[in-house]
Protein chains: 2
Amino acid sequence: MNGALDIETTANILKLLGDKTRLTMIKIMSEHECCVCEFVDLFEMSQPAISQHLRKLKDSGIVNEARRGQWIFYSLNQTSSYYSFIQTVIKDLPSQNFKLEELTAQGKRICCD
Amino acid sequence: MNGALDIETTANILKLLGDKTRLTMIKIMSEHECCVCEFVDLFEMSQPAISQHLRKLKDSGIVNEARRGQWIFYSLNQTSSYYSFIQTVIKDLPSQNFKLEELTAQGKRICCD
DNA sequence: AAATTAAATAAGTATATGCTTATGTGATTA
DNA sequence: TAATCACATAAGCATATACTTATTTAATTT
């Protein structure tokens, strides 16, 4: 699944990645799945703003959503035809694990165990 | 010079690449330098529109300009700290050499020899 | 069943973006 | 030195983008 993407498709993906909030979300999701309220806590931004970013990513097929209980978890869609390209783009970005660790420290991490 | 870029810087670069015209220009420049009037012939777009795209790329340091005679040639700036990242992003894009070959066939290619 | 929590959607708004046309600037040629 | 060619810049405009607040939907808890 390493088929080269055409220029227009690639430009559209890059436009989606070319936003600080979405790019950070994608890096986070490449490390852990995450639910909406966690993103709301991580970014100083309203819940609808977060939802709208996630919707763009979902509409493009970049991310998956999965409801678990009252939460909806988002994760990178590893079966997307863009997945390997996205991995290439984000692989050297600084890990965002520290953000989730901060959430855990504040007792704001959501777990469905 | 393979230093990882931070998220904000990367998002800004990706935003620049996330436009079909600029992404195509960058792929072309990764293969050949090119002057403004060639881009104008290649894209069905006004000369100021082309100039404005090139200015954004130049302001970010992604491309170099070099005047030769009455023409100004643009090329990928290989000394930019973003160069290797950009190469990574564009390396699998389809070659745009055919576009310059079409220009050559039409006698519209600029050469300073 | 009512209240609560999580998330999506709708509608409005300010700013950013990408183009256009008109004009200015610098090098070349007649 | 006047005209021309290549390109940049300025100004204006339509659309896109990223947010906001208000409301709706869906699941959970009491």
Output the rounded distance in Å from [atom1] ([X]) to [atom2] ([N]).
X	N	atom1	atom2	value
W71(A)	dT4(C)	CH2	C1'	13 Å
I50(B)	dT21(C)	CD1	P	14 Å
L16(A)	dA16(D)	CG	P	15 Å
E65(B)	dA6(D)	CD	P	17 Å
I110(A)	dT5(C)	CD1	P	13 Å
F73(B)	dA8(D)	CZ	P	12 Å
K108(B)	dC5(D)	NZ	C1'	16 Å

Fill in the blank from the handout: The correct set of residues in residues 34-42 of chain B placing a heavy atom under 4.0 Å from DNA chain D is C35(B), V36(B), C37(B)
Handout entry: Donor-acceptor side-chain pairing of S95(B) and E31(B) below 3.5 angstrom
Key = yes
Handout entry: Note: E38(B)-R109(B) ion pair, threshold 4.0 Å (strictly below)
Key = yes
Pair up each side-chain donor or acceptor in residues 8-21 of chain B with any protein partner under 3.5 Å, not counting sequence neighbours, and list the distances.
residue, atom, partner, partner atom, Å
E8(B), OE1, K20(A), NZ, 3.4
T9(B), OG1, D6(B), OD1, 2.7
T9(B), OG1, D6(B), OD2, 3.4
T10(B), OG1, D6(B), O, 2.7
N12(B), ND2, E8(B), O, 3.4
D19(B), OD1, T21(B), N, 3.0
D19(B), OD1, R22(B), N, 3.0
K20(B), NZ, E8(A), OE1, 3.4

Practice task
Quick one, give me the B/S/- string for nucleotides 19-30 of chain D, reading 5' to 3', where B means a protein heavy atom under 4.0 Å from the base and S means that only happens at the primed atoms, P, OP1 or OP2.
Solution key: BBBB----SS--
